[in-house]
A.B. asks: 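My questions will all concern the structure given below.
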Amino acid sequence: MMEMKQFPANMGDLEVDLKHPNRVLIDGLYKETVSVKGAERTFLTYIPENLEYCSPCLIAAADSAADPVSFLEENLKAFADRNRLFLFVAYPENGCWNNDGTDADYLNAVYVKIQARDYYITMQDNIYLSAFGDAAFTAHQAARRMASEYSGLMTFGDLSLDLLKDVNVVHGEEDQGQVELKIQGSAAQLPVWMSISTTEGANGSAIEYWKQQNHTVGKPLSGDGADYIWRPDYVRKVNEINEEHISEVRVAVRNELFTEETLNDAWSYIRLARRHRGQGGKCLRYYKDPIACGAVKKTMEVDGMVRTWYEFVPEECRDGKKYPLVVTMHGRGGSAETFFDLSGMSVVAKERKFIAVFPEAGIHQQKKNGLRNVLLWCGEYHGKPIDDVKFIREMVADIESRLPVDHSRIYACGQSSGGMMSDLLGYTAADLFAAVAPWSALRSPSRMYADFEESEFYAPTMWIYGDKDFLCAAKGTDPELPFAIEPEIRQTLADKLQHFRLDIHKQDTWTTEPITWCGFRNEAGVPLVVIGRVSDMIHANYPELSWISYDQFLSQFTKDENGEVYFRGHKVER
């Protein structure tokens with residue numbers, strides 16, 4: 001029997017291996033608690049050795065007849081080790097799964113709890129739900145209630161009740177900084193794998209439900225371990241951006257419902273998709289693995305810490321010419337790998353012919369007594385600030401020594417903490433960056449752990465954020481701007497306008513749905529600062545921001561060897 005460990009009382013006591021700063025600080029088997037309608041429930045957490053943060057997560061609802069620890073050890077531990085997963089095993093109270101919705105709420109509460117960043121760091125984009133034996137119906141019930149959250153569902157057992165009669169589908173209200181619990185538009189599709197003994201009865205009801213949710217058409221196919229594969233209608237009928245139907249319903253009819261082979265077959269399909277947060281909710285996308293997409297993982301040591309980035313050089317940029325470089329930075333708790341996927345910047349790079357790099361932030365202790373290695377730009381370790389500006393400069397210098405970079409066209413962008421970092425680079429490293437495009441943040445001194453000297457140069461800035469963004473948006477009205485902004489960020493904006501010698505009262509406003517724009521131009525009409533406020537968006541980003549930022553702003557600017565800025569080839573006078 002596996003040893004049940006105790007979480008450290010103070011995670012801040014654990015030292016970080018600076019050779020592997022993104023590594024989980026603990027491993028093994030633990031027990032966690034979650035509150036469900038005022039009652040405490042427990043679940044098991046298993047973390048493989050040397051796992052990295054932001055790895056995929058599998059929530060597994062165990063058969064009620066099995067001992068949870070034995071079930072984990074005998075059936076799922078090796079699977080989690082091999083596939084590098086966070087594993088969370090849920091189990092019923094009183095030896096029986098409750099199908100009145102209480103246990104479905106329990107599974108969904110586990111989804112929320114594992115994102116607390118108390119002992120490890122997960123991403124809401126790659127959390128998958130599974131169930132075994134008589135837990136199957138509860139898992140389908142939970143997934144139906146939160147279809148826009150999970151990235152996939154796989155069950156190995158017959159359903160006990162008709163899923164279509166579970167009418168208590170809830171549309172939860174979102175709290176800022178929490179997960180989004182609502183079903184909206186195409187986000188309700190969900191990749192599904194069912195291992196069942198028959199397609200009749202309650203099983204057939206579930207199949208029909210998910211076929212409808214996933215917009216399937218035509219007769220089923222078979223293969224890859226599944227006897228029936230219903231595929232979606234791939235035609236984008238209304239929305240070219242958000243109506244990608246990628247979710248299939250796969251069914252394996254077996255006498256033995258759960259085997260190692262069936263589990264591997266199911267996971268090989270389910271793991272392909274991830275959730276992309278953004279305007280209007282979440283959408284499902286096929287996961288872009290950096291290495292599979294042609295990126296190269298690079299490392300260097302800076303101030304004793306091994307720093308990591310992915311660099312993507314399109315084939316179109318290997319003809320001996322010089323090409324722009326775009327540095328794209330993830331948010332707090334994210335990683336270079338996850339933001340390669342979420343940002344979609346590699347796609348823009350290939351189409352627009354530039355080199356894209358995705359660096360990983362340094363570490364920080366986010367909570368008192370908490371993890372010391374939450375990935376955060378310009379954080380601190382043992383009370384000493386981490387100089388991520390130095391890292392970015394050294395990374396760019398290394399890249400320029402090896403790759404065909406046009407030094408006059410180096411840009412920075414990023415989301416949340418990465419947005420703050422890209423704005424900081426525009427503030428203190430404007431000699432290097434021709435323009436920056438922060439998303440969901442601007443430089444906020446109260447959230448930084450070191451002072452940086454303002455550059456004598458300047459980097460034109462496009463700032464994009466959501467109207468429901470708790471970090472950026474404010475309630476009420478502003479006496480000088482078309483929308484209210486969080487006070488500290490507003491001061492940063494005012495300082496930026498003053499540094500650029502722009503008049504806050506001279507602004508253009510226009511709308512290209514879903515973004516309302518406010519631009520500040522110099523006397524020659526050059527837009528040196530542009531703000532975009534996205535309607536119906538929380539603290540998030542969506543891949544289209546990469547296209548918008550590059551096409552509409554970054555690519556318009558260059559910088560010569562003297563630090564002078566050019567707009568569309570013409571020198572900008574301040």
Side-chain angles (χ1 to χ4, degrees), residues 6-27 47 50-54 115-122 177 299-309 327 329-336 339 359-396 412 414-429 438 440-455 470-471 486-489 491-492 495 539:
Q6 298 292 322
F7 286 120
N10 185 347
M11 289 295 295
D13 289 339
L14 303 183
E15 292 294 328
V16 178
D17 181 357
L18 297 182
K19 303 298 182 184
H20 304 278
N22 194 23
R23 183 175 289 175
V24 183
L25 299 179
I26 58 176
D27 59 67
I47 304 172
N50 299 324
L51 190 66
E52 290 191 350
Y53 291 140
C54 302
Q115 298 172 62
R117 297 176 178 168
D118 290 329
Y119 307 105
Y120 47 83
I121 297 173
T122 65
T299 61
M300 67 164 47
E301 188 170 309
V302 180
D303 294 335
M305 182 186 300
V306 172
R307 308 306 301 268
T308 298
W309 71 91
V327 180
M329 291 167 285
H330 64 82
R332 179 183 64 177
S335 68
F339 210 57
E360 197 155 274
I363 58 176
H364 179 66
Q365 187 170 350
Q366 178 180 328
K367 301 177 182 179
K368 182 180 179 180
N369 301 328
L371 297 166
R372 277 182 169 166
N373 63 338
V374 177
L375 295 184
L376 178 80
W377 292 101
C378 289
E380 62 179 3
Y381 183 59
H382 282 310
K384 180 180 179 181
I386 295 172
D387 192 346
D388 280 334
V389 174
K390 177 181 179 181
F391 159 53
I392 294 296
R393 283 188 179 276
E394 293 192 12
M395 179 194 74
V396 170
Q415 195 266 331
S416 189
S417 175
M420 193 177 302
M421 183 63 189
S422 61
D423 192 48
L424 173 62
L425 292 172
Y427 174 83
T428 195
S440 307
L442 283 180
R443 186 179 61 89
S444 299
S446 69
R447 293 185 172 92
M448 305 181 71
Y449 302 91
D451 295 325
F452 293 91
E453 183 178 351
E454 185 175 19
S455 174
F470 74 101
L471 186 67
E486 188 276 333
E488 185 176 21
I489 290 182
Q491 185 60 53
T492 295
D495 293 344
H539 188 68

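The figures here come from the full heavy-atom set of this structure, side chains too, leaving out hydrogens, waters and symmetry mates.
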A.B. asks: Which pair of heavy atoms, one from Ile392 and one from Pro359, lies closest together, and at what distance?
C.D. replies: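 Distance-wise, the nearest heavy atoms are CD1-CG, 3.9 Å.
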A.B. asks: Check whether the side chains of Glu52 and Ser335 place a donor and an acceptor atom closer than 3.5 Å, and report yes or no.
C.D. replies: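 Note: Glu52 and Ser335 side chains miss the donor-acceptor criterion.
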A.B. asks: Describe, in one word, how the ring planes of Tyr119 and Phe7 are oriented to each other, choosing from parallel (under 30°), tilted (30 to 60°) and perpendicular (over 60°).
C.D. replies: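 It falls in the parallel class, under 30°.
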A.B. asks: Please check if the number of heavy atoms outside Asp13 that lie under 6.0 Å from its CG is greater than 12.
C.D. replies: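 Enclosed.
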A.B. asks: Does a side chain donor of either Asp495 or Tyr427 reach within less than 3.5 Å of an acceptor in the other side chain?
C.D. replies: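 Short answer, no.
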A.B. asks: Flag the pair Asp303 / Lys390 as yes when at least one side-chain heavy-atom distance between them is below 4.5 Å, and no otherwise.
C.D. replies: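 They are in side-chain contact.
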A.B. asks: Just so I know, are the side chains of Tyr449 and His364 near enough to count as touching, which here means a heavy-atom distance under 4.5 Å?
C.D. replies: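 The answer is yes; the side chains approach within 4.5 Å.
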A.B. asks: What is the distance from atom CG of Asn10 to atom CZ of Arg372, rounded to the nearest 0.5 Å?
C.D. replies: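 Nearest 0.5 Å value for the CG-CZ distance: 8.0 Å.
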A.B. asks: Show the nearest heavy-atom pair for residues Val327 and Met395, with the distance to one decimal.
C.D. replies: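 Of all heavy-atom pairs spanning Val327 and Met395, the closest is CG1-CE, 4.1 Å.
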A.B. asks: For residues Glu488 and Glu486, report the shortest heavy-atom separation together with the two atoms involved.
C.D. replies: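 Minimum heavy-atom separation between Glu488 and Glu486: N-OE1, 3.1 Å.
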A.B. asks: Report the C-alpha separation of Val396 and Arg393 in whole Å, then their side-chain angles, then the decisive distance to 0.1 Å, and conclude whether the side chain to side chain contact (heavy atoms under 4.5 Å, CB included) test is met.
C.D. replies: CA-CA 5 Å; Val396 170; Arg393 283 188 179 276; 6.0 Å; no
A.B. asks: So, using ring-ring contact (aromatic ring centres under 6.0 Å, His included) as the criterion, who are the partners of Phe339 when residues are at least two apart?
C.D. replies: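 Partners of Phe339 under the ring-ring contact (aromatic ring centres under 6.0 Å, His included) test: none.
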A.B. asks: With under 30° as parallel and over 60° as perpendicular, where do the rings of Phe391 and Trp309 fit, or are they tilted in between?
C.D. replies: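 Phe391 vs Trp309 ring planes: tilted.
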A.B. asks: Of all the heavy-atom pairs spanning Ser440 and Ser416, show the shortest one and how long it is.
C.D. replies: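 So the two residues come closest at CB-N, 3.8 Å.
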A.B. asks: Do Ile363 and Leu375 have side chains that approach each other closer than 4.5 Å (heavy atoms only, starting at C-beta)?
C.D. replies: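 Yes; the side chains approach each other to less than 4.5 Å.
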A.B. asks: For residues Trp377 and His330, establish whether the separation of their ring centroids is below 6.0 Å.
C.D. replies: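 Close enough - the centres of the two rings lie under 6.0 Å apart.
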